[in-house]
Novice: 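Sharing a structure here in structure tokens format.
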Amino acid sequence: MTRSYALVDCNNFYVSCERLFRPELKRRPVVILSNNDGCVVSRSQEAKKLNIPMATPLFKVEQLLKRHRVEIFSSNYTLYADISSRVMQTLETFSPQVEIYSIDEAFLDLTGLITAEARYDYGQEIRQTVQRHVGIPVCVGIAPTKTLAKLANHGAKTYPATNGVVDLSRPERRDRLLKITPVSEIWGVGKRTLLRLQHMGIHTAWDLSALSIKTARRQFSVVMERTIRELRGEACIDIDAQPAPQQQVICSRSFGEKISAYAPLRETVCEFAARAAEKLRHNRQLARMITVSVRTSAYSAEDPCYANSASGSLPSYSNDSRQIIARATSLLQTVWKDGYRYAKAGVMLSDLSLDSPFQPDLFDDPSCRARNTALMKAMDQINHGGSGSIWLGGQRPQRDWFMNRAHLSPAYTTRWEQLPIVS
DNA sequence: TCTGGGGTCCTAGGACCC
DNA sequence: TCTGGGGTCCTAGGACCC
């Protein structure tokens with residue numbers, strides 16, 4: 001049976017979230033910054049028109065932003081995650097098979113759900129419902145493969161005449177859009193691949209779809225082969241409504257101020273380790289491998305450059321903050337070198353397993369494990385909401401001390417004291 | 001002065017086994 | 001003196017995604 005997928009993608013998602021609570025910003029240029037106020041990661045239509053490229057460092061466009069009185073926000077992930085889950089809940093009423101692909105987009109399996117003729121209208125209904133229930137504008141792309149649904153969504157965003165919905169079920173429409181879309185817009189074509197494709201004279205999505213499968217396989221990889229088949233309408237990537245448990249948990253940050261001494265760097269790494277352990281417990285997972293990485297700035301010309309990482313295993317599968325912090329500290333000692341100005345560090349947990357059913361090893365002490373689990377649970381409950389009321393020795397008490405967040409909006413939907421007030 | 005963070009998948013090459 | 005070949009597992013690195 002011919003399959004049918006919809007890709008629903010929120011428009012300028014972070015900007016739209018901020019505008020929900022600041023409606024006066026509707027037609028104003030708005031940008032959202034990454035963690036640490038480093039780069040521009042979301043732009044309103046008006047900001048895009050000012051030629052502010054995605055992921056530009058803030059300092060490069062600061063003057064431009066000022067001149068055009070662009071509204072600036074630090075990222076407020078607590079808010080975005082909450083709005084995202086409301087959007088996803090709404091989408092789940094439109095298909096039994098929904099794959100949440102990222103914070104702002106989801107694939108819906110429409111196969112056998114609606115007739116080909118009704119698909120465009122269904123897309124419009126999705127748009128209107130999300131707008132009415134959550135207040136977030138979305139675009140919908142519908143097609144027989146996920147790669148084409150991505151393309152359709154890009155079309156819906158690019159061409160206002162589509163009214164936010166593009167259905168590529170008919171091959172004529174599909175081919176027409178392929179011919180006018182640059183190959184760089186195709187899902188899976190990144191910077192490196194783009195360069196190689198251009199050398200081969202491949203510039204549009206249509207050119208790519210015409211590349212022989214054999215050549216694609218030989219010169220690129222199975223990934224490219226799949227992309228081409230999908231562009232031709234052959235579904236190779238299925239909906240993944242029950243994603244496998246995560247394989248790694250990462251906590252890493254650039255610092256607001258560079259760190260040259262061991263003690264503050266250790267405190268920071270301990271903090272990252274504690275956060276990673278929290279995430280692990282939230283996922284109901286355990287880890288056996290831990291990696292600690294540190295680096296100096298990759299951009300600074302005058303500072304000497306150094307980057308290193310060290311991995312090691314934990315005594316057994318664990319999500320106990322104390323064990324993870326202890327191991328992180330010992331690993332940091334092996335990569336620490338005096339005389340550098342550190343700009344970034346990270347802790348990664350891998351070799352994960354679910355915490356139940358748990359397979360203990362020979363030396364496991366069940367009563368000790370139960371006690372530790374209870375202790376961590378109590379800690380998480382006290383810290384619920386991210387306020388960081390209690391912490392372990394070695395952690396730095398003021399969370400986020402190292403992060404610049406000069407333009408943060410309130411946690412409108414997740415903290416009582418910050419609820420918006422209608423007067 | 002100031003350049004994000006958190007993930008996934010694929011491939012190649014080495015170690016090791018029989 | 002002869003020095004195969006196929007399989008698995010692990011790791012590092014690359015490329016990509018949002």
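Note on naming: letters A, B, ... go to the chains in the order of the sequence lines (proteins, then strands), and numbering restarts at 1 for each one.
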Novice: Does A/T56 reach a base, just sugar-phosphate, or nothing at all? Heavy atoms under 4.0 Å.
Specialist: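 Since no nucleic acid heavy atom lies under 4.0 Å of A/T56, the category is nothing.
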Novice: Under 4.0 Å: is that the gap between some side-chain N or O of A/K279 and OP1 or OP2 of B/dG6?
Specialist: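 Yes, A/K279 has a side-chain N/O under 4.0 Å of OP1/OP2 on B/dG6.
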Novice: Look at all strands and tell whether A/E62 reaches a base, only sugar-phosphate, or nothing, counting heavy atoms closer than 4.0 Å.
Specialist: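 The answer is nothing, as A/E62 stays clear of every strand by at least 4.0 Å.
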Novice: When you measure from the side-chain N and O atoms of A/K258 to the phosphate of B/dC2, is any distance below 4.0 Å, counting only OP1 and OP2?
Specialist: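 Yes, because at least one side-chain N or O of A/K258 sits under 4.0 Å from OP1 or OP2 of B/dC2.
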Novice: Check this one for me: any side-chain N or O of A/T193 less than 4.0 Å away from OP1 or OP2 of C/dC16?
Specialist: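 Yes, A/T193 has a side-chain N/O under 4.0 Å of OP1/OP2 on C/dC16.
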Novice: Ignoring backbone atoms, test whether A/Y299 places a side-chain nitrogen or oxygen under 4.0 Å from the OP1 or OP2 oxygen of B/dG4.
Specialist: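 Yes, within the criterion.
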Novice: Can you tell me how far C1' of B/dG7 sits from CG of A/D240, to the nearest Å?
Specialist: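 Taking atom C1' of B/dG7 as the reference, CG of A/D240 is at 14 Å.
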Novice: Below 4.0 angstrom, N of the basic side chain to O of the carboxylate: do A/D303 and A/R341 qualify?
Specialist: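 Salt bridge: yes.
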Novice: When the distance from CD of A/Q219 to P of B/dT11 is rounded to whole Å, what number comes out?
Specialist: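 The distance from CD of A/Q219 to P of B/dT11 comes to 15 Å, rounded to the nearest Å.
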Novice: Quick one: is A/S254 getting a side-chain N or O under 4.0 Å of the B/dT3 phosphate, OP1 or OP2?
Specialist: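 So the side-chain polar atoms of A/S254 never come under 4.0 Å of the phosphate oxygens OP1 or OP2 of B/dT3.
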Novice: Within the structure, does a side-chain N or O atom of A/K150 lie under 4.0 Å from either OP1 or OP2 of C/dC18?
Specialist: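 Checking C/dC18 against A/K150, a side-chain N or O does come within under 4.0 Å of OP1 or OP2.
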Novice: Choose from B/dT3, C/dC17, C/dC16 the nucleotide whose nearest atom is closest to any side-chain atom of A/F59.
Specialist: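 Of all the options, the side chain of A/F59 is nearest to B/dT3.
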Novice: Could you state the CG-P distance from A/N35 to C/dC18, rounded to the nearest angstrom?
Specialist: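 Nearest whole value for this atom pair: 19 Å.
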Novice: Whole angstrom is fine here: how far is it from NZ in A/K60 over to P in B/dT1?
Specialist: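 Rounded to the whole Å, the gap is 14 Å.
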Novice: Within the structure shown, what part of the strands sits under 4.0 Å from A/D104 by heavy-atom distance: base, sugar-phosphate, or nothing?
Specialist: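 Here A/D104 touches the backbone only, sparing every base.
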Novice: How do A/C251 and A/R226 order along DNA chain B: which one's closest nucleotide is nearer the 5' end?
Specialist: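 The residue whose closest nucleotide sits nearer the 5' end is A/C251.
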Novice: With C1' as the reference atom in both, quote the distance from C/dG4 to B/dC16 in angstrom, rounded to an integer.
Specialist: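 C/dG4 and B/dC16 have their C1' atoms separated by 15 Å.
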Novice: Using whole Å, report how far CG of A/L194 lies from P of C/dG14.
Specialist: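 Interatomic distance, CG of A/L194 to P of C/dG14: 19 Å.
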Novice: With a 4.0 Å limit, can you tell me whether A/Q246 has a side-chain N or O closer than that to the phosphate oxygens OP1/OP2 of B/dG7?
Specialist: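 For A/Q246, the contact criterion (side-chain N or O under 4.0 Å from OP1 or OP2 of B/dG7) is met.
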Novice: Nearest nucleotide by nearest heavy atom, which residue falls closer to the 5' end of DNA chain B, A/I250 or A/S297?
Specialist: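 With A/S297 and A/I250 compared, the 5'-side residue is A/S297.
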Novice: Measure from CD on A/Q247 to P on B/dG7 and round the result to the nearest Å.
Specialist: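 Going from CD in A/Q247 over to P in B/dG7 covers 11 Å.
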Novice: Which of these, A/R19, A/R28, A/R69, A/K26, sits in a salt bridge (charged side-chain N to carboxylate O under 4.0 Å, His left out) with A/E46?
Specialist: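 It is A/R19, the one option of A/R19, A/R28, A/R69, A/K26 that forms the salt bridge (charged side-chain N to carboxylate O under 4.0 Å, His left out) with A/E46.
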Novice: When the distance from CD1 of A/I186 to C1' of C/dA15 is rounded to whole Å, what number comes out?
Specialist: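 My rounded result for the distance is 17 Å.
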Novice: Name the closest nucleotide to the A/W187 side chain, picking from B/dG7, C/dC17, B/dG5.
Specialist: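 Taking heavy atoms from C-beta onward, the closest nucleotide is C/dC17.
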Novice: Could you tell me whether A/R196 contacts a base, only the sugar-phosphate backbone, or nothing, with contacts defined as non-hydrogen atoms closer than 4.0 Å?
Specialist: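 It contacts nothing in the nucleic acid.
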Novice: Using a strict threshold of under 4.0 Å (side-chain N to carboxylate O), is an ion pair present between A/E234 and A/R232?
Specialist: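 Salt bridge flag = no for A/E234 with A/R232.
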Novice: Can you confirm if the aromatic rings of A/Y14 and A/F73 lie within a centre distance of less than 6.0 Å?
Specialist: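 No, too far apart.
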Novice: Over the length of the helix from B/dG5-C/dC18 to B/dC18-C/dG5, how much do the five-pair end axes diverge, rounded to 10 degrees?
Specialist: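 Result, rounded to 10 degrees: 0°.
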Novice: Would you call the rings of A/Y340 and A/Y306 parallel, tilted or perpendicular, where under 30° means parallel and over 60° means perpendicular?
Specialist: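 A/Y340 vs A/Y306 ring planes: parallel.
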Novice: Taking the side chain as every heavy atom from C-beta outward, state whether A/L314 and A/M289 have any atom pair closer than 4.5 Å.
Specialist: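 Sidechains of A/M289 and A/L314: no contact.
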Novice: For a quick test of reading the model, state the closest non-hydrogen atom pair linking A/E105 to A/M88 and the distance between them.
Specialist: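 Scanning both residues, the minimum pair turns out to be O-CE, 3.7 Å.
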Novice: Please round to the nearest 0.5 Å and tell me the distance separating atom CG of A/L332 and atom OH of A/Y262.
Specialist: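 Between A/L332 CG and A/Y262 OH, I get 4.5 Å after rounding to 0.5 Å.
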Novice: What is the distance from CZ of A/R405 to P of B/dG5, rounded to the nearest Å?
Specialist: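 Atom-to-atom, A/R405 to B/dG5, this comes out as 12 Å.
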Novice: Identify whether the distance between the nearest side-chain nitrogen and carboxylate oxygen of A/E71 and A/R22 falls below 4.0 Å.
Specialist: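 Salt bridge: yes.
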